[in-house]
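Worksheet for the structure shown next.
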Amino acid sequence: MNERRRYFRVTDEVGLACRLMPEAPVPGASPMDRRFAEAEMLKLESAVVSTLETLRASQPAVHELLELFNRKINLALSLGKSLAGDDEGAPLRHHEVSLSACGIGFKAASAWPVGSLLQLDMMILSSNLRLRLATVVVGCEQVSEPHETPLWLVRGDFVNMEEEVQEMLVQHVMKRQSVELRRRREARERGDEAAG
């Protein structure tokens, strides 16, 4: 069975910037130092998210407060990277994406050839968590009409992903899916009440 099929896919709005993968390493901290620090941050984020979920039902006010603090810290870290110039590339723009723990689909103003290796800078807006993801383009189809501004649907698979990053994406996708299922259930119950 294809491993990719085991992951749920959700529609989400994220901050996103995309560019061809750089050939040379980013100047500054050595790649190993940076990767170690990023991996440690993601481990901590995963632990925080797991602990927060245990508080959701038993102490909702504490859960909400701690979740807000976590989002604030993630935003401050992201802003610090931006001011230090560590987030090279285009600014993040809001995009509606189709997201799973192993890939992404999004609309773009540029066509990327299948097989292109892209660097995606993505901010998960619900937590202000910023991720850098290597992505290989597996599909790119024009979705605009001939008389409209050109627009392409780009589909990509994440590659060389750290286990911690994938775990964060799994947690995020599951959380988004449970929110969506809850909304549908509540809408269905409201519909049943209105009919009855």
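For this chain, numbers begin at 1 and follow the sequence in order.
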What are the two closest heavy atoms between [X] and [Y], and how far apart are they?
X      : Y      : value
Arg9   : Gly103 : NH1-O, 4.0 Å
Val173 : Ala101 : CG2-N, 4.3 Å
Ser58  : Thr54  : OG-O, 3.6 Å

Value rounded to 0.5 Å, distance of [atom1] in [X] from [atom2] in [Y]:
X      : Y      : atom1 : atom2 : answer
Phe158 : Ser100 : CZ    : OG    : 6.5 Å
His172 : Ser126 : NE2   : OG    : 4.5 Å
Arg183 : Glu186 : CZ    : CD    : 9.0 Å
Trp152 : Ser110 : CH2   : OG    : 7.0 Å
Cys102 : Phe8   : SG    : CZ    : 12.0 Å
Leu117 : Trp112 : CG    : CH2   : 11.0 Å

(Q) Could you walk me through whether Val97 and Leu16 satisfy the side-chain contact (heavy atoms from CB on, under 4.5 Å) test, starting with their C-alpha distance in whole Å, then the side-chain angles of each, then the deciding distance to 0.1 Å, before giving a yes or no? (A) CA-CA 9 Å; Val97 300; Leu16 190 67; 4.3 Å; yes
Q. Quick one: do Glu180 and Arg184 make a salt bridge, cutoff under 4.0 Å?
A.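 Yes, Glu180 and Arg184 are salt-bridged.
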Q. Can a salt bridge be assigned to the pair Lys107 and Glu96 using a cut-off of 4.0 Å between side-chain N and carboxylate O?
A.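 Salt bridge absent between Lys107 and Glu96.
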In terms of hydrophobic clusters joined by side-chain contacts under 4.5 Å, are [X] and [Y] together?
X      : Y      : value
Leu125 : Leu92  : yes
Met21  : Val138 : yes
Leu153 : Met122 : no
Val143 : Val154 : no
Leu181 : Leu99  : no

Could you check if a side-chain atom of [X] sits within less than 4.5 angstrom of a side-chain atom of [Y], using non-hydrogen atoms only?
X      : Y      : value
Leu133 : Val165 : yes
Arg155 : Glu141 : yes
Ile104 : Leu120 : yes

Q: Applying side-chain contact (heavy atoms from CB on, under 4.5 Å), run through Met123 and Leu131 and close with a yes or a no.
A: CA-CA 6 Å; Met123 180 180 284; Leu131 302 171; over 6 Å; no
Q: Check step by step if side-chain contact (heavy atoms from CB on, under 4.5 Å) holds for Gln171 and Lys175.
A: CA-CA 6 Å; Gln171 288 179 1; Lys175 189 174 182 180; over 6 Å; no
Q: Determine yes or no for a side-chain-to-main-chain donor-acceptor pair under 3.5 angstrom, with Arg130 supplying the side chain and Ile124 the backbone.
A: no
Q. Where the side chain of Glu148 meets the backbone of Glu145, is there a donor-acceptor pair that is under 3.5 Å apart?
A.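 Checking the backbone N and O of Glu145 against the side chain of Glu148, a donor-acceptor pair under 3.5 Å is found.
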Q) So Ser116 and Leu20, side-chain contact (heavy atoms from CB on, under 4.5 Å) or not? Walk me through it. A) CA-CA 7 Å; Ser116 298; Leu20 282 173; 4.2 Å; yes
Q) Among Arg19, Arg93, Arg132, which residue meets the salt bridge (Lys or Arg N to Asp or Glu O under 4.0 Å) test with Asp121? A)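 When Arg19, Arg93, Arg132 are each tested with Asp121, the salt bridge (Lys or Arg N to Asp or Glu O under 4.0 Å) holds only for Arg132.
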Q: Give a yes or no on this: more than 12 heavy atoms of other residues, nucleotides or ligands lie within 6.0 Å of atom CE of Met174.
A: no
Q: Go through the side-chain N and O atoms of Gln142 and Ser144 and say whether any donor and acceptor fall under 3.5 Å apart.
A: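 Yes, because at least one side-chain N or O of Gln142 sits under 3.5 Å from a partner of the opposite role on Ser144.
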